[in-house]
Amino acid sequence: MPELQRLRPNHAPALLAFEQENRAFFAASVPDRGDDYFTHFAAHLAERLAEQATGACHFHVLATRDGEVLGRFNLVDVAEGAAELGFRLAEKATGRGLATSTVRQLFTLCTTTYALTRLRAAATLTNTASRSVLTRTGFVPTGEEPVLGGERGVGYVRDLGSGPHPAALQ
């Protein structure tokens, strides 16, 4: 079973491979990161790790025992007990419930480690897989229609203090 791990510098090679191998798959449903991201990957990773060190963000990878990255699960713009959730899963890892179970694991980290009580998220209208994961894990539409990479989207929110404890959902 893959393990959710806090992003570390030694994830760099596997993370870059994950992003490169899945670039076209991701671009079909989320805005592409652009060539600069891949050309300057080390610098981008260093920036993310610096942000994480301040507590402004919490970045995670879903990794296999041999270190292969199957997904990214990020909490960004952390402030006042809330954060924005973003995630992406490798094409070969889809359809097995991994995104849903990992988001639920993240709920536990949010409440026990990061002192978060509310998560926001957004997905494009065409990204039915992410929208399904958000709905299955208790996110509700906010009525906001953000524009993501030029596409219309749906805003969501999840109060981590209501309903059954996230660990009970696993």
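Because the structure is a prediction, the values reported are computed rather than measured. Numbering of residues begins at 1 and proceeds along the displayed sequence. Values below: all heavy atoms of this structure, side chains included; hydrogens, waters and symmetry mates excluded.
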Q: Using a strict cut-off of less than 4.0 Å between a Lys/Arg side-chain nitrogen and an Asp/Glu carboxylate oxygen, indicate whether Lys92 and Glu21 qualify as a salt bridge.
A: no

Q. Does one hydrophobic cluster hold both Phe38 and Phe59, with members joined at side-chain heavy-atom distances below 4.5 Å?
A. yes

Q: Without swapping roles, check the side chain of Asn127 against the backbone of Ala123 for a donor-acceptor pair under 3.5 Å.
A: no

Q: Say whether, by atom type as modelled, one donor and one acceptor occur between the side chain of Thr111 and the main chain of Thr108 under 3.5 angstrom.
A: yes

(Q) I need the single residue from Thr137, Leu75, Val157 that forms a side-chain contact (heavy atoms from CB on, under 4.5 Å) with Leu119. Which is it? (A) Leu75

Q) Quick one: does Asp159's side chain have a donor or acceptor within less than 3.5 Å of a partner on Gly161's backbone? A) yes

Q. Rounded to the nearest 0.5 Å, how far does CZ of Arg33 lie from CZ of Phe41?
A. 9.0 Å

Q) Any side-chain heavy atom of Phe87 sitting closer than 4.5 Å to one from Leu85? A) yes

Q: Using salt bridge (charged side-chain N to carboxylate O under 4.0 Å, His left out) as the criterion, point out the one residue from Glu84, Glu144, Glu80 that pairs with Arg120.
A: Glu84

Q: Fit a plane to each ring of His60 and His58, take the angle between them on a 0 to 90° scale, and name the class: parallel (under 30°), tilted (30 to 60°) or perpendicular (over 60°).
A: tilted

Q: Look at the side chain of Glu51 and the backbone N and O of Cys57, then say whether any donor-acceptor pair between them is shorter than 3.5 Å.
A: no

Q. Say you draw a straight line from OH of Tyr114 to CZ of Phe107; how long is it, rounded to the nearest 0.5 Å?
A. 14.5 Å

Q.
Hydrophobic cluster membership, with links at side-chain heavy-atom distances under 4.5 Å among I/L/V/M/F/W/Y: are Leu134 and Leu4 in one?
A. yes

Q.
Just verifying a value: how many Å separate Gln105 CD and Cys110 SG, rounded to the nearest 0.5 Å?
A. 11.5 Å

Q. If two hydrophobic side chains count as joined below 4.5 Å and joins carry through other members, does Val61 share a cluster with Val30?
A. yes

Q. In Å and rounded to the nearest 0.5 Å, what is the OG to CZ distance from Ser130 to Phe139?
A. 11.0 Å

Just list the side-chain donor-acceptor pairs under 3.5 Å for residues 146-156, sequence neighbours left out, or say none.
{"unit_1": "Glu151", "atom_1": "OE1", "unit_2": "Thr126", "atom_2": "OG1", "d": "3.1"}
{"unit_1": "Arg152", "atom_1": "NH2", "unit_2": "Glu145", "atom_2": "OE1", "d": "3.3"}
{"unit_1": "Tyr156", "atom_1": "OH", "unit_2": "Arg131", "atom_2": "NE", "d": "3.4"}

Q: Check Pro13 against Asn10 and note the closest heavy-atom contact, atom names and distance.
A: CD-O, 3.7 Å

Q: Rounded to the nearest 0.5 Å, what's the gap from CZ on Arg72 to CZ on Phe26? Could you check?
A: 9.0 Å

Q) Val103 and Leu98: same hydrophobic cluster, using ILVMFWY side-chain contacts below 4.5 Å? A) yes

Q) Can you name the closest pair of heavy atoms from Ala83 and Leu116 and give their distance? A) CB-CD1, 3.9 Å

Q. Just how far is it from atom CG of Leu16 to atom NE2 of His44, taken to the nearest 0.5 Å?
A. 11.0 Å

Q. Is the backbone of Leu160 close enough, under 3.5 Å, to the side chain of Thr117 for a donor and an acceptor to pair up by distance?
A. no

Q: Flag yes if Leu62 and Leu109 sit in one hydrophobic cluster, no otherwise; membership is Ile, Leu, Val, Met, Phe, Trp, Tyr, and two members link when side-chain heavy atoms are under 4.5 Å apart.
A: yes

Q. Would a 4.5 Å heavy-atom cut-off, applied to side chains only, mark Phe25 and Arg88 as touching?
A. no

Q) Can you tell me if Thr102 uses its side chain to pair, donor with acceptor, with the backbone of Ala99 under 3.5 Å? A) no

Q: Taking His11 for its side chain and Arg8 for its backbone only, find out whether a donor-acceptor pair lies under 3.5 Å.
A: yes

Q | N-O pairing of Glu3 and Arg65 below 4.0 Å | A | no

Q. Taking the side chain as C-beta and beyond, is there a heavy-atom pair between Leu7 and Leu45 under 4.5 Å?
A. yes

